[in-house]
Amino acid sequence: MASAAGLKEGKVVTRFAPSPTGFLHIGGARTALFNWLFARHYGGKALLRIEDTDRKRSTSEAIDAILDGLDWLGLDYDEPPVFQSERAGRHAEVAQQLLAAGHAYKCFATPEDLEAMRAEQRANKQPMRYDGRWRDRDPSEAPEGAPYAVRIKAPTDSETTIQDAVQGAVSVKNAEIDDYIILRADGTPTYMLAVVVDDHDMGVSHIIRGDDHLNNAFRQLPIIHAMNEIEGGWDTPVYAHVPLIHGNDGAKMSKRHGSLGAEAYRDDHGILPEALFNYLLRLGWGHGDREEITREEAIELFTLEGVGKSPSRFDLKKLQHLNGHYIREADNARLAGLIAERLGSNPDIALLTEAMPVLKTRARNLDELAEGAAFLFKQRPLEMTEKAAGLLDDDARERLRSIYARLETENDWTLEALEASLKSHAEELELGLGKLAQPLRAALTGTTTSPGIFDVLVLLGREESLARVDAQAAPAS
Ligand code: GLU
């Protein structure tokens, strides 16, 4: 374990190491966030490594989406990303060092040999793992020029204990860790070797990742220990294996639970990055019962002690609720810019910004915000929703005509004056204000839900309001 002193000296180096076979999903985003916060908290370095060794499944779209998602969440890195695929030569070099020092060996087992071995293990109900058949054999026993893989010589007796910063002490019997392949017969390194070599070369001090990698840590340690013996300086990193995120029914997170790429939360769900940031932060980490935590506070407060040991549950509703809160906090001009794209056809940003305090009071996401703003830019005659059209019967159209006549005399087009005017008009007609407001809303917005009716009048302005009412009112007699 790195000492507490080490932490204070700013020697913390973390890395986020996504495999670009898919987008930046919720679990990955949280891992990225925790690594980033931990590095920032201790004044260390946050690094990024793209684990693109699976050439068939890694795509450049996925790499772009991951970089874009991290950027959107505001997670920045202290060095350019390391691409694992570019380091195969270095990985092979370490495999050769291990081989030369006797910490690894050549295995000449053919695919058929291994298949037969597995079939036997299956039949005997034994765990399926490589049985070490070439561990102590002399390579000269292999046929001349036969292909071989390089396997790590893992310890066979006793057990290994990891002091995991989240899980506590976890022990595994060494007999359970087989001599896995580090270099394939075609000379390419395996993932297990690549991770260890890259973490060392990048100076990673703390490995914070999902607990689905806990077993890998036990398999990775023999390489670290062997290399430390060979050349020194291969310190064991601090491990922190964070419990996975589950869906709100407790089952493993999937699309069905709303597990999407970060860009889908942004584009399809209209989530603000600060909302996702805060939501992810508290998904598996807590600081008392603190709810909204700013970025700066998160950096100040984040330590691994706050990471819980049990899986957290993802709840899209909570995220949306939180998003509503952040929308209300957000700068109006920024929100106007964000929903302008959703509204299309270059809406008037100044008008949108002016309308924002009224629009944002209820919206839980940018789509709702855009929907609420749409009335501002509708063309006459307004298209009516079915409900709004249903409201506008002959009586209602008569009322609209009287409202028109009243509003036409109104020169003080302010919230207060309009409210006073329509209220007294309702009283004169001996009607509830709703009887006027409902058809008025339909005429002004084409819908039955909108911000407060006086706000709508003010935002549309005198001329446009009157024209919209006139278009729906009974013919003037
Ligand atoms: N590339 C692995 C993943 O995306 C992470 C490996 C690691 O963190 O050690 O699951």
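FYI, side chains are in, hydrogens and waters are out, and symmetry mates aren't considered; it's all heavy atoms of this structure. All ligand and atom numbering here is 1-based and tracks the order in the structure.
- Put simply, the residue from Ile208, Val195, Leu48, Asp198 that forms a side chain to side chain contact (heavy atoms under 4.5 Å, CB included) with Arg15 is Val195.
- Heavy atoms of Tyr191 come nearer than 4.0 angstrom to ligand 1 in at least one pair.
- Here is the list of ligand 1 atoms found below 4.0 Å of a heavy atom in Arg209: 7 (C), 8 (O), 9 (O).
- When the options Arg15, His213, Gln84 are ranked by their closest heavy atom to atom 8 (O) of ligand 1, first place goes to Arg15.
- In summary, the atoms of ligand 1 found under 4.0 Å from a heavy atom of Glu51, numbered by their order in the structure, are 1 (N), 2 (C), 5 (C), 6 (C).
- Side-chain rings of Phe38 and His206 approach one another, their centers coming within less than 6.0 Å.
- Considering every non-hydrogen atom in both Ala240 and Asp164, the closest pair reads CA-OD1, 3.6 Å.
- Nearest heavy-atom pair, Thr14 versus Trp36, reported as atom, atom and distance to 0.1 Å: OG1-N, 4.5 Å.
- Considering both main-chain and side-chain atoms, Val195 never comes within under 3.5 Å of ligand 1 through any nitrogen or oxygen pair.
- The closest protein non-hydrogen atom to atom 5 (C) of ligand 1 is Ala17 O, 3.3 Å.
- Summarising the local packing, CZ of Arg133 is surrounded by more than 12 heavy atoms from other residues, nucleotides or ligands at distances under 6.0 Å.
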